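What follows is one structure encoded as structure tokens, with my remarks underneath.
Letters A, B, ... mirror the listed sequences (proteins, then strands); counts begin at 1. Values in this document were obtained by computation on a predicted structure and should not be read as measured data. Just the heavy atoms: all of them, side chains too, but no hydrogens, waters or symmetry mates, feed the values below.
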Number of protein chains: 2
Amino acid sequence: MNESEKKKMNARAVGRLSLYRRMLQVLEMRGMDSVFSHELATLAGTSASQVRRDLMSLGTSGSPSSGYSVRDLGEAISAAISGVQRQPVVLVGVGNLGRAVLHYFQNNHPGLEIVAGFDSDPEKRGRVISGTPVYGLSYLPGRLAEDGIRTAVLTLPAESAQEVTDLLVGAGVVSILNMTNLRLKVPEGVYVEDTDIGVALERVAYFGK
Amino acid sequence: MNESEKKKMNARAVGRLSLYRRMLQVLEMRGMDSVFSHELATLAGTSASQVRRDLMSLGTSGSPSSGYSVRDLGEAISAAISGVQRQPVVLVGVGNLGRAVLHYFQNNHPGLEIVAGFDSDPEKRGRVISGTPVYGLSYLPGRLAEDGIRTAVLTLPAESAQEVTDLLVGAGVVSILNMTNLRLKVPEGVYVEDTDIGVALERVAYFGK
DNA sequence: GATTGTGAATAAGTTCACAGCC
DNA sequence: GGCTGTGAACTTATTCACAATC
């Protein structure tokens with residue numbers, strides 16, 4: 001029931017919680033031990049009522065006098081959006097974008113770890129980039145099965161994205177961060193988040209007109 | 001009135017239109033000259049009624065017998081979301097992520113062009129990366145004024161992101177693609193789109209649990 | 001007969017507003 | 001007095017459903 005209950009949370013709320021957690025880490029490092037909803041809201045670029053609404057979904061509670069405990073709230077968010085053990089993730093496509101992602105995650109990320117990168121380029125095999133070892137694509141299925149990997153990041157050229165996706169899904173991946181400009185076809189029940197730089201920049205350009 | 005009318009369009013719709021346009025380009029290259037809403041929907045990963053609703057906002061029209069003209073629709077979308085002339089964009093921060101963005105946009109992008117990159121690293125000044133020249137940050141204000149730049153991409157470390165943002169906004173930038181993990185503070189009326197890789201991956205990890 | 005264009009219905013997401021609390 | 005937690009109101013976004021059209 002706990003598990004099924006979690007799956008209810010919607011993607012936007014999860015994203016905001018992730019952001020709150022990052023802000024809480026900063027606050028904790030600064031030695032603050034409590035925070036009000038409107039403070040978190042300012043840091044995260046949202047509204048105080050939105051923050052309180054988001055926090056409702058994880059059974060925490062603050063107090064009217066001092067707000068929320070920075071430590072407790074951070075732990076509650078971690079419990080809600082990350083699991084107890086670190087979740088292993090693979091990344092496919094170690095070009096500029098893939099390297100940027102690896103660099104970003106090389107440390108400091110609670111709840112998840114990019115355990116391996118894969119690339120079709122023989123030049124890249126055997127290298128370690130930002131702490132993550134890179135393998136040839138032929139090792140992908142074995143590695144997925146071995147570690148029971150359920151989450152993947154796609155930072156490869158669009159041409160081979162669907163093919164790799166089919167491979168991933170066939171090997172048990174159920175959640176994909178798709179940084180390709182292709183919209184993937186996946187079976188029902190597989191979550192895909194599209195982070196399409198082209199679309200993002202065109203949108204920004206539109207609002208800059 | 002035309003101008004003010006355009007500004008009404010919401011960000012999600014603009015993003016989908018951008019996607020439709022890309023699909024239409026592919027269809028045009030394949031020699032197709034008409035397309036139905038449900039076909040575009042499948043390609044873009046949405047529903048036929050969503051497509052028709054989106055197309056309503058730009059005064060096109062399809063016919064029940066053959067759907068939409070691939071060419072006309074492409075042009076109508078371009079007219080709606082891009083302008084007539086190419087829009088100049090600058091990018092600040094030429095690390096892995098910045099290079100990935102430059103590479104992505106080096107060609108084939110209608111409506112916008114990344115005219116210059118900026119970086120604080122002296123090593124990078126004077127280089128041309130994926131067709132885009134890179135300058136030191138001191139050249140930024142001059143270049144913004146000179147070209148009347150209104151749109152920028154931030155792919156630099158979070159530490160200096162707010163400082164650079166203030167500079168950009170002060171020099172007339174009104175729309176920013178923020179690929180930093182910091183939430184920027186900007187005056188009313190400035191559009192910021194956050195593309196936060198950390199949040200994206202944590203969300204995906206959540207759905208992969 | 002299948003599709004478009006669109007009003008109406010529904011769903012999803014956000015903000016309001018206020019009782020209860022410290 | 002200012003804050004939390006939350007039902008209710010509201011706003012925004014999506015889907016339905018069907019008359020008009022080819």
query: Where do B:D196 and B:N181 land on the side chain to side chain donor-acceptor pair (under 3.5 Å) test, with the steps shown first?
result: CA-CA 6 Å; B:D196 188 319; B:N181 68 12; 5.9 Å; no
query: Given that A:F36 and B:S49 both sit by DNA chain D, which one's nearest nucleotide is further toward the 5' end?
result: A:F36
field: A:M9 CE - C:dA12 P separation (whole Å)
entry: 17 Å
message: Using a heavy-atom cut-off of 4.0 Å across all strands, would you classify A:S37 as base, sugar-phosphate, or nothing?
response: sugar-phosphate
Spacing of A:T195 atom OG1 and A:N178 atom CG [to the nearest 0.5 Å]: 8.0 Å
- prompt: When the distance from CG of B:D54 to C1' of D:dT15 is rounded to whole Å, what number comes out?
  reply: 13 Å
task: Return the value, rounded to whole Å, for the distance between atom CZ of B:R16 and atom P of D:dA13.
output: 9 Å
task: Ignoring backbone atoms, test whether B:S47 places a side-chain nitrogen or oxygen under 4.0 Å from the OP1 or OP2 oxygen of D:dT15.
output: yes
field: Nucleotide of D:dA8, C:dT6, D:dT4 approaching A:P64 most closely (side-chain heavy atoms)
entry: D:dT4
- prompt: Would you say the side-chain atoms of B:S18 and A:R203 include a donor-acceptor pair closer than 3.5 Å?
  reply: no
- line: Atom CG of B:L73 and atom P of C:dT4 are separated, to the nearest Å, by 11 Å
Distance in angstrom units between B:H38 NE2 and C:dG5 P, rounded: 14 Å
task: For the residue pair B:L156 and B:T180, establish whether any side-chain heavy-atom pair is separated by less than 4.5 Å.
output: yes
query: CG of A:L58 versus P of D:dG5: gap in Å, rounded?
result: 10 Å
task: Could you tell me whether the side chain of A:R53 has a donor or acceptor atom within less than 3.5 Å of a complementary atom in the base of C:dT15?
output: yes
query: To the nearest 0.5 Å, what is the distance between CG (A:L73) and CG (A:D33)?
result: 13.0 Å
message: Which nucleotide wins on minimum distance to the side chain of B:Y68, given the candidates D:dC16, C:dG5, D:dT4?
response: C:dG5
field: From D:dT14, D:dT6, D:dT4, nucleotide with atom closest to B:Q50 side chain
entry: D:dT14
- line: From CD of A:E39 across to P of D:dC3 the rounded distance in Å is 9 Å
query: Base, sugar-phosphate, or nothing for A:R12, non-hydrogen atoms under 4.0 angstrom?
result: sugar-phosphate
- prompt: Under 4.0 Å between a side-chain N/O of B:N10 and OP1 or OP2 of D:dT12, yes or no?
  reply: no
- prompt: Hey, does B:S61 reach any base, or is it just sugar-phosphate, or nothing, if we go heavy atoms under 4.0 Å?
  reply: sugar-phosphate
query: Toward the 5' end of DNA chain C, which comes first, A:A11 or B:R52, by nearest nucleotide?
result: B:R52
field: Integer-rounded Å distance: C:dT3 C1' and B:L40 CG
entry: 14 Å
